[in-house]
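This one's a predicted model, so the numbers in the text were calculated from it and none came from an experiment. Atom set for the values below is all heavy atoms of this structure, side chains included, hydrogens, waters and symmetry mates excluded. Note that ligands are numbered from 1 as they come in the structure, with each ligand's atoms numbered from 1 the same way.
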Amino acid sequence: NTEYETILVSRDGRVGVITLNRPKALNALNEQTMNDVVAAATELDRDPDIGAIILTGSEKAFAAGADIKEMATKSAAEMYRVDFFSPWDAFARLRTPKIAAVSGYALGGGCELAMMCDLIIAADTAKFGQPEINLGVIPGMGGTQRLIRAIGKSKAMDMILTARQMDAEEAERSGLVARVVPADQLLDTANDVARTIAGLSKPVAQHAVEAVNAAYETTLQQGVQYERRVFHGLFSTADQKEGMTAFSEKRKANFTHE
Ligand code: CAA
């Protein structure tokens, strides 16, 4: 039960919840926050008793971006030397399903962090944007790559070149978010989704995450081949035997995550 400076971590059954907690800075992502989130999420990912992770912020802001005040005076040489933002790659690669529950601002690195999760559930108050161009930079936590895959080139260019914010309704219509719910139902909905996922087989869900993400990295043929190999391999798991036996016996499967 590590204490973190910039986040709160809680567990509810098989669901782990990470809450960004720098209210005075609208959850701006400084280096400490990055290190806290990566450490907490990695610990939850490795825990066999956790089957899904929710990442959320406050009502007003999921996260208003990377911490501008912390970055402002850095040199290119320093950015390069420490490979600024690279620790986030470890978060993006975690295989336990990660749900971003977004209320209020998800701007810059906040939008990019939400996109590193496996799916986004948005409150009707959510606002997504990549305003980096207003600061004389471009997105730096994957925005130019992940946004185009989520919403296509024209809308991604619109957001990245003009800094226009997208509301929750447009974000859902564009495929950036999976569901939009009234703000006061955000956490309940995210919890329901997380509990559903966490009630299934963890290793199978992890393989599903890896297979879907392979679509980002490979040709269609390689991706289909990868999917098929994973599908075949899952027949070595106890959970596949249990899932299919339970269907035949007309009962609920009791997965052991093995
Ligand atoms: N970095 C550091 N501090 C931030 C911040 C950020 N990204 N966003 C907000 N804050 C701070 C503000 O400076 C302010 O602090 P003070 O009270 O000490 O002045 C506090 O949070 C509250 O913010 P505001 O007073 O501005 O609140 P508002 O309701 O008037 O406006 C907002 C809200 C429109 C989100 C506005 O805060 C804003 O535009 N924030 C910056 C958004 C942004 O540009 N994000 C991109 C960052 S760069 C990036 O993310 C790079 C990347 O690709 C990873």
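- Ion pairing of D45 with K98 is absent here, as no side-chain N (NZ or NE/NH1/NH2) approaches a carboxylate O to less than 4.0 Å.
- Between F85 and ligand 1, no N or O atom pair is found at a separation short of 3.5 Å.
- At a cut-off of 3.5 Å, with distance as the only test, no side-chain donor of S86 or D89 sits close to an acceptor on the other residue.
- Taking the six-membered ring for Trp and the full ring otherwise, F84 and Y80 have centroids separated by 6.0 Å or more.
- Using a 4.0 Å cut-off to heavy atoms of L135, the atoms of ligand 1 that qualify are 44 (O), 47 (C), 48 (S).
- Within the 4.0 Å cut-off (strictly below), a protein heavy atom is located near atom 13 (O) of ligand 1.
- For N134, no heavy-atom contact with ligand 1 is shorter than 4.0 Å.
- Within ligand 1, the atoms closer than 4.0 Å to a non-hydrogen atom of G109 are 49 (C), 50 (O), 52 (C), 54 (C), numbered from 1 in the order shown.
- The main-chain N or O of M141 is found under 3.5 Å from a side-chain atom of E112 such that the two form a donor-acceptor pair.
- Within the listing of ligand 1, atoms 52 (C), 53 (O) sit less than 4.0 angstrom from a heavy atom of G140.
- Using a 4.5 Å heavy-atom cutoff, the side chains of M71 and M79 are in contact.
- Of all protein heavy atoms, the one lying nearest to atom 5 (C) of ligand 1 is A28 CB, 3.9 Å.
- Nearest to atom 43 (C) of ligand 1 by heavy atom, out of A64, A72, G108, is A64.
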Anything under 3.5 Å between a donor and an acceptor, one on a side chain of residues 155-164, the other on a protein residue two or more places apart or in another chain? List them.
from, atom 1, to, atom 2, distance (Å)
K155, NZ, E170, OE2, 2.6
D158, OD1, T162, OG1, 3.3
D158, OD2, R164, NE, 2.9
D158, OD2, R164, NH2, 3.1
T162, OG1, D158, O, 2.6
T162, OG1, R164, N, 3.1
R164, NH1, E170, OE1, 2.9
R164, NH2, E170, OE2, 3.0

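- For the pair A66 and ligand 1, the shortest N or O to N or O distance falls below 3.5 Å.
- Under a 4.0 Å N-O distance rule, the pair E258/K202 does not qualify as a salt bridge.
- Considering backbone and side-chain atoms alike, Q130 places every N or O at 3.5 Å or more from each N or O of ligand 1.
- For ligand 1, the polar-atom distance check finds no N/O of L107 at less than 3.5 Å from any of the ligand's N/O atoms.
- Residue contacts with ligand 1 for K60 involve side-chain atoms from C-beta outward but no N, CA, C or O (heavy atoms, distance under 4.0 Å).
- The shortest distance between side-chain heavy atoms of D47 and L44 does not fall below 4.5 Å.
- Given atom 1 (N) of ligand 1, the protein heavy atom at minimum distance is I68 N, 2.9 Å.
- Nearest to atom 33 (C) of ligand 1 by heavy-atom distance, out of L29, D67, L26, is L26.
- In summary, the atoms of ligand 1 found under 4.0 Å from a heavy atom of E112, numbered by their order in the structure, are 52 (C), 53 (O), 54 (C).
- Taking 4.0 Å as the cut-off between side-chain N and carboxylate O, E217 and R93 do not count as a salt-bridged pair.
- Counting protein heavy atoms under 4.0 angstrom from atom 30 (O) of ligand 1 gives zero.
- Proximity of atom 36 (C) of ligand 1 to the protein is not indicated, since no non-hydrogen protein atom lies closer than 4.0 angstrom.
- Atom 18 (O) of ligand 1 has its nearest heavy-atom neighbour, among K69, R22, M141, K127, in K69.
- Residues D124 and V180 come closest through the heavy atom pair CA-CG1, 3.8 Å.
- With salt bridges taken as basic N to acidic carboxylate O contacts below 4.0 Å, none links D49 and R11.
- In this structure, atom 39 (O) of ligand 1 has no protein heavy-atom contact shorter than 4.0 Å.
- At least one heavy atom of K24 sits less than 4.0 Å from an atom of ligand 1.
- Around atom CD of E169, more than 12 heavy atoms belonging to other residues, nucleotides or ligands sit under 6.0 Å away.
- Summarising the contacts of atom 10 (N) of ligand 1 with G129, P23, A25, P139, the nearest heavy atom is found in A25.
- For T219 and Q222, the side-chain atoms include at least one donor-acceptor pair closer than 3.5 Å.
- Only the side chain of P131 comes within 4.0 Å of ligand 1, counting heavy atoms alone; its backbone N, CA, C and O stay farther away.
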